[in-house]
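Shown next, in structure tokens, is the structure this report addresses.
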Amino acid sequence: MTALTVATFNINGIRSRLPALLAWLERERPDIVCLQELKCPDEAFPQAAIEAAGYGALWHGQKSWNGVAILARGMTPLESRRGLPGDADDSHSRYLEAAAHGLIVGCLYLPNGNPQPGPKFDYKLAWFERLIAHAQGLLDSGHPVVLAGDYNVVPTDELDIYSPRSWKKDALLQPESRAAWQRLLAQGWTDALRHLHPDARIYTFWDYFRQRWERDAGLRIDHLLLSPALAPRLREAGVDRWVRGEPKASDHAPTWMRLGA
DNA sequence: ATGTCCTGGATACCAGGA
């Protein structure tokens with residue numbers, strides 16, 4: 001086994017953000033990348049540019065919204081699942097799973113759920129239940145698994161958000177969202193960033209509104225979870241904040257962890 | 001309520017989503 005960097009990045013439109021993605025890949029050279037919010041139909045995915053950067057890719061896109069991809073440096077990931085089980089009528093492209101560099105990687109874009117209450121929030125919670133059910137199966141397999149992506153959940157009011165005041169009614173902070181997150185973790189998953197930095201304020205998303213980047217008014221909603229088989233390899237984790245400060249940046253920054261050999 | 005930025009459809013802006 002070799003050391004690996006695994007990252008997740010909500011890119012908010014892969015076509016308009018392709019130069020930013022390529023610059024980040026070149027500078028940080030992650031081994032595995034989970035991307036969300038491609039906002040791009042399958043036929044328009046920029047495969048050639050990503051391959052030229054040294055990455056094989058799988059993608060599950062759709063027109064206008066959602067869309068997830070898994071990149072692996074020097075290889076093409078081997079797809080194991082496209083879409084979460086449990087609802088044949090769910091047309092959103094929000095889950096993709098593959099084997100790469102000796103890991104099973106689940107890349108997810110959990111529904112935002114706003115406004116709440118309402119049908120979008122119900123969809124979020126139902127999607128979360130399907131994720132929890134599927135995650136249990138992954139744990140039962142005993143394989144080394146990473147579940148990475150935009151969970152659209154701020155785990156706590158204290159270290160995961162600059163101030164909860166103006167977000168109290170937001171779907172990202174609701175008790176139901178947080179309870180689902182806690183039930184997922186209670187299966188045995190390790191929240192990589194929080195595990196290594198138990199007392200640090202960590203943000204991965206800064207809203208475009210109201211100069212929230214300039215004020216460092218962020219939220220931690222992009223998460224990397226490790227299965228018990230993999231947790232002993234966790235060495236480092238962080239957020240590539242420099243990406244958020246570039247011109248025309250996504251509202252999220254890449255979030256990563258380093259696994260030892 | 002406000003603010004910004006993406007996509008797509010039909011225009012020289014708007015709607016929908018986040």
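Every chain is numbered from 1, with letters handed out A, B, ... down the list of sequences.
Residue whose closest nucleotide on DNA chain B sits further toward the 5' end, between Y208(A) and L38(A): Y208(A). Both E37(A) and I14(A) sit near DNA chain B, but only I14(A) has its closest nucleotide nearer the 5' end.
Distance D207(A) CG to dT2(B) C1': 12 Å, rounded to the nearest Å. Atom CG of L21(A) and atom P of dC6(B) are 15 Å apart (whole Å). Residue K124(A) contributes atom NZ, which lies 10 Å from atom P of dA18(B) at whole-angstrom precision. With rounding to whole Å, Q62(A) atom CD is found 19 Å from dC6(B) atom P. Between H252(A) atom NE2 and dT4(B) atom P the separation is 18 Å, expressed in whole Å. Atom CG of D170(A) and atom C1' of dA18(B) are 10 Å apart (whole Å). The nearest whole Å value for the distance from the OH atom in Y109(A) to the P atom in dC6(B) is 15 Å. What separates CG of N66(A) from C1' of dT7(B) is a distance of 12 Å, to the nearest Å.
The F209(A) side chain lies nearest to dA18(B) when the options are dC5(B), dG17(B), dA18(B). Side-chain atoms of K248(A) lie closest to dC6(B) of the nucleotides dC5(B), dC6(B), dA18(B). Closest to the side chain of S16(A), from the set dC6(B), dA18(B), dG8(B), is dC6(B). Comparing dA18(B), dT7(B), dG17(B) by their closest approach to the side chain of W65(A) singles out dG17(B). In this structure, the nucleotide among dC6(B), dA18(B), dT7(B) sitting nearest to the side chain of R94(A) is dA18(B). Closest contact between the side chain of K63(A) and the listed nucleotides dA18(B), dG17(B), dG8(B) involves dG8(B). Nearest to the side chain of N12(A), among dT4(B), dC6(B), dA18(B), sits dC6(B).
Pairs passing the salt bridge (Lys or Arg N to Asp or Glu O under 4.0 Å) check and including a residue from residues 198-227 of chain A, sequence neighbours excluded, read D160(A)-R220(A), D191(A)-R220(A), D216(A)-R241(A). Sorted by first and then second residue, the side-chain hydrogen bond (donor to acceptor under 3.5 Å, both in side chains) pairs involving residues 98-109 of chain A (not counting sequence neighbours) are E37(A)-Y109(A).
For R244(A), the side-chain hydrogen bond (donor to acceptor under 3.5 Å, both in side chains) test picks out no residue, with sequence neighbours left out. Residues that satisfy the side-chain hydrogen bond (donor to acceptor under 3.5 Å, both in side chains) test with R235(A), not counting sequence neighbours, are absent from this structure. Under the side-chain hydrogen bond (donor to acceptor under 3.5 Å, both in side chains) criterion, W59(A) pairs with no residue, sequence neighbours left out.
The base of dT2(B) lies close enough to the side chain of R210(A) for a donor and an acceptor atom to sit less than 3.5 Å apart.
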Using residues 43-50 of chain A as the side-chain source, report each donor-acceptor pair under 3.5 Å to any protein atom, sequence neighbours left out, with the distance given to one decimal.
{"from": "Q47(A)", "atom 1": "NE2", "to": "E51(A)", "atom 2": "OE2", "distance (Å)": "3.1"}

Distance-only criterion, 3.5 Å: show the donor-acceptor pairs between side-chain atoms of residues 148-155 of chain A and protein atoms not counting sequence neighbours.
{"from": "D150(A)", "atom 1": "OD1", "to": "N152(A)", "atom 2": "N", "distance (Å)": "3.0"}
{"from": "D150(A)", "atom 1": "OD2", "to": "N10(A)", "atom 2": "ND2", "distance (Å)": "2.9"}
{"from": "Y151(A)", "atom 1": "OH", "to": "L147(A)", "atom 2": "O", "distance (Å)": "2.9"}
{"from": "N152(A)", "atom 1": "ND2", "to": "L110(A)", "atom 2": "O", "distance (Å)": "2.8"}

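Distances shown here put a side-chain N or O of R15(A) below 4.0 Å from the OP1 or OP2 atom of dG8(B).
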Enumerate all atom pairs, one protein N or O and one N or O from nucleotides 10-15 of chain B, separated by less than 3.5 Å.
none

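Comparing dC14(B) with dA10(B), their C1' atoms sit 9 Å apart, to the nearest whole Å. With C1' as the reference atom, dA15(B) and dT11(B) are 14 Å apart, rounded to whole Å. dC13(B) sits 23 Å from dA1(B) when the C1' atoms are compared, rounded to a whole Å.
Among the heavy atoms of the strands, none lies under 4.0 Å from R212(A). Within the 4.0 angstrom heavy-atom criterion, no nucleotide atom of any strand lies near F205(A).
Ring centers of H223(A) and W181(A): under 6.0 Å apart, within the cut-off. Taking the six-membered ring for Trp and the full ring otherwise, the centers of H92(A) and Y123(A) sit less than 6.0 Å from each other.
Checked for salt-bridge contact, E26(A) and R29(A) miss the test: no charged N lies under 4.0 Å from a carboxylate O.
Partner L103(A) forms a side-chain contact (heavy atoms from CB on, under 4.5 Å) with one of L226(A), V6(A), D31(A) and no other, that one being V6(A).
Within a heavy-atom distance below 4.0 Å of DNA chain B, no residue of residues 150-169 of chain A is found.
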